[in-house]
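Below you'll find the structure, written out as C-alpha cells, and then a few comments.
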Amino acid sequence: MSVKRFFKTAIFSVLALAAVLAVNFFLPRLMPGDPLGHLIGADDVGAISQEQYDEYYKMLNLDKPMGEQFAQYLKEIFSGKMGYSIHYGRDVADVIGEKLPRTLQVALPAWIISALLAFFWGTLAGYKKHRAFDRISTGAMVAADTVPTFLMAMLLLIVFSYELGWFPFGALNSAADLDGASMFADRLYHLVLPVLTLVIASTPKKFILMRNVTAKAVGEKYIIYAKARGLSDMSVLCRHIFPNVGQPFISMLGTSFGKILSGSIVVEMIFSIDGMGMLVSRGITDMDFPVLQAALMTIAFAVIISNLAADAICILLDPKQRLEEGA
C-alpha cells in the first residue's frame, strides 16, 4: 500500500464515519412517532410528566431548527456525549464507558492470541505445503471456520462447564469477595472459555491467508537461493519469510479487530458477561435507541481506527512504499 493509497483510505474512513454520525442523528428524528421517545429510549412518552417532557425536549435541542440541532449534536459527540437514556437515567457515554472495558477484556486477548497463532501456525503450514502437517492444519481450520460463533460458544460451555465442570458457566467474577492476585486469577479463569471461543472463531481466515502467502513465497527465487546457501528452516522463516509475508497479515488484523469486537457481543450474551453485548441486547428489548446508536458508533469507530492503524503500520514497515510515489 502506497502513501497515496493510504490517504485515499483515510478520506474514505472519514466519509464512512460521517455517514454513521449522520444516520445516528437523522434516524430517530425521521422515524414515525415522537422523536423525543426515540432519543431518550422511552417506549411511551406519555409515561413521563409534561414537566419532564418539556425538560427532555429542551435538553435534546428539539426546540431548535434542524441545522442547529445537528451542529449541537456534533459538538456533543466530539466532547464525548452520546445522548441520554431514560432506562439508565444517565448519559449513554457513561454507560458505554462502564460496559466497553468488559468487552475489551474478552476481545483484546482473543485478537492478540488469534493473531499470533494464525501468523506462526499459518506460516509453518505454508512452508511445509502439501505435507501432512499442512493438510491436517488447513483441514482443521476450514472445518472450524464453518462453525458459527454462537454454536462454538454453546459447545464449549456444554463440554467444559456442564459436562466436565472445569470452568464457570459465565460472568467475569465469582460470587466470592476477592481482591488482589486472587481476583486477577479468578478473572482469568472466567475469561478462558469466552476468549477461547473468539480465538477459534477468528483464527481460521487469518491462518488461511498466512498459509497461502507463505506457500507462494516458498517458490520465489530468493527463498530457493536461501535454501541453496544451506540456511536452516528457522533462518529462512525468520530472515526471509516473515518480513515478506507480514504486511498482508497486518492489513487483515485491522479488519479482524472490528469483527472480533462484533463477535464478542454474541459471546457475551451466551456467557452472561455484562458488557457491550448485554447492553445491545437490552437496548433492542427496551427499544433504547440512544444505547443502540452509541453501540453502533463505537463499533464503527473501532473498525475505522483499526483499519487506518494497520495501513499506517504497513507503510512504516516498508520504506519502499513511502518512496514509490516519487519513483
Side-chain angles (χ1 to χ4, degrees), residues 1 5-6 8-21 82 96-97 99-123 141 144-145 147-150 152-153 172 191-213 242 245-271 273 275-280 292-318:
M1 171 179 291
R5 184 180 168 188
F6 171 77
K8 288 182 179 178
T9 303
I11 292 172
F12 176 80
S13 298
V14 171
L15 293 176
L17 182 59
V20 172
L21 292 174
M82 296 182 177
I96 295 291
K99 308 295 185 182
L100 184 59
R102 299 171 187 171
T103 295
L104 293 178
Q105 288 180 50
V106 179
L108 278 177
W111 183 60
I112 294 170
I113 293 171
S114 69
L116 294 173
L117 187 62
F119 184 82
F120 292 107
W121 191 1
T123 302
M141 286 296 169
D145 197 39
V147 182
T149 303
F150 76 90
M152 181 64 67
L172 285 177
L191 283 173
V192 170
L193 289 185
V195 170
L196 180 60
T197 301
L198 285 178
V199 169
I200 295 175
S202 61
T203 298
K205 287 183 173 61
K206 294 193 284 288
F207 167 88
I208 291 171
L209 171 68
M210 287 306 300
R211 186 267 172 202
N212 290 341
V213 296
F242 288 166
V245 300
Q247 290 188 24
F249 182 73
I250 292 173
S251 296
M252 190 175 190
L253 284 183
T255 304
S256 70
F257 180 73
K259 292 181 179 178
I260 285 183
L261 192 61
S262 302
S264 68
I265 292 177
V266 177
V267 172
E268 287 174 25
M269 294 173 63
I270 294 174
F271 288 99
I273 297 173
M276 294 287 288
M278 297 294 285
L279 187 67
V280 170
L292 294 175
Q293 290 174 305
L296 168 66
M297 188 163 57
T298 301
I299 293 173
F301 184 76
V303 172
I304 291 171
I305 293 300
S306 59
N307 276 299
L308 279 177
D311 291 346
I313 290 172
C314 286
I315 292 176
L316 292 174
L317 289 178
D318 188 357

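Along the sequence shown, the residues carry numbers beginning at 1.
For the pair I273/M278, no side-chain contact is recorded, criterion being any heavy-atom separation below 4.5 Å from C-beta on.
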Full working for side chain to side chain contact (heavy atoms under 4.5 Å, CB included) between M152 and L198: CA-CA 9 Å; M152 181 64 67; L198 285 178; over 6 Å; no

message: Let's go through L116 and W121 carefully: what are the C-alpha distance in whole Å and the side-chain angles of both, what is the deciding distance for side chain to side chain contact (heavy atoms under 4.5 Å, CB included) to 0.1 Å, and is it a yes or a no?
response: CA-CA 8 Å; L116 294 173; W121 191 1; over 6 Å; no

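In plain terms, the two heavy atoms of I200 and P204 that are nearest each other are O-CD, 3.1 Å. The shortest heavy-atom contact between A118 and K206 is CB-CB, 3.5 Å. A295 and I96 make their closest contact through N-CD1, 4.3 Å (heavy atoms, listed as atom of the first residue, atom of the second, distance).
Note: M210 CE to F120 CZ = 9.0 Å, rounded to the nearest 0.5 Å. Atoms CD1 and OG1, from I270 and T149 in turn, are 8.5 Å apart once rounded to the nearest 0.5 Å. Atom CG of L117 sits about 13.5 Å away from atom CD1 of I112, to the nearest 0.5 Å. The structure places OG1 of T197 at 12.5 Å from CZ of F150, a figure rounded to the nearest 0.5 Å. Note that the CZ atom of R102 and the CG atom of L279 stand 10.0 Å from one another [nearest 0.5 Å]. For the atom pair CG of L17 and CE of M297, the computed distance is 8.5 Å after rounding to the nearest 0.5 Å.
Residues passing the salt bridge (Lys or Arg N to Asp or Glu O under 4.0 Å) test with K205, sequence neighbours excluded: D145. With sequence neighbours excluded, the residues that form a side chain to side chain donor-acceptor pair (under 3.5 Å) with S256 are W111.
Not a single donor-acceptor pair under 3.5 Å links the side chain of S202 to the backbone N or O of I260.
Between P109 and the options L104, V195, L191, V199, a side-chain contact (heavy atoms from CB on, under 4.5 Å) holds for only V195.
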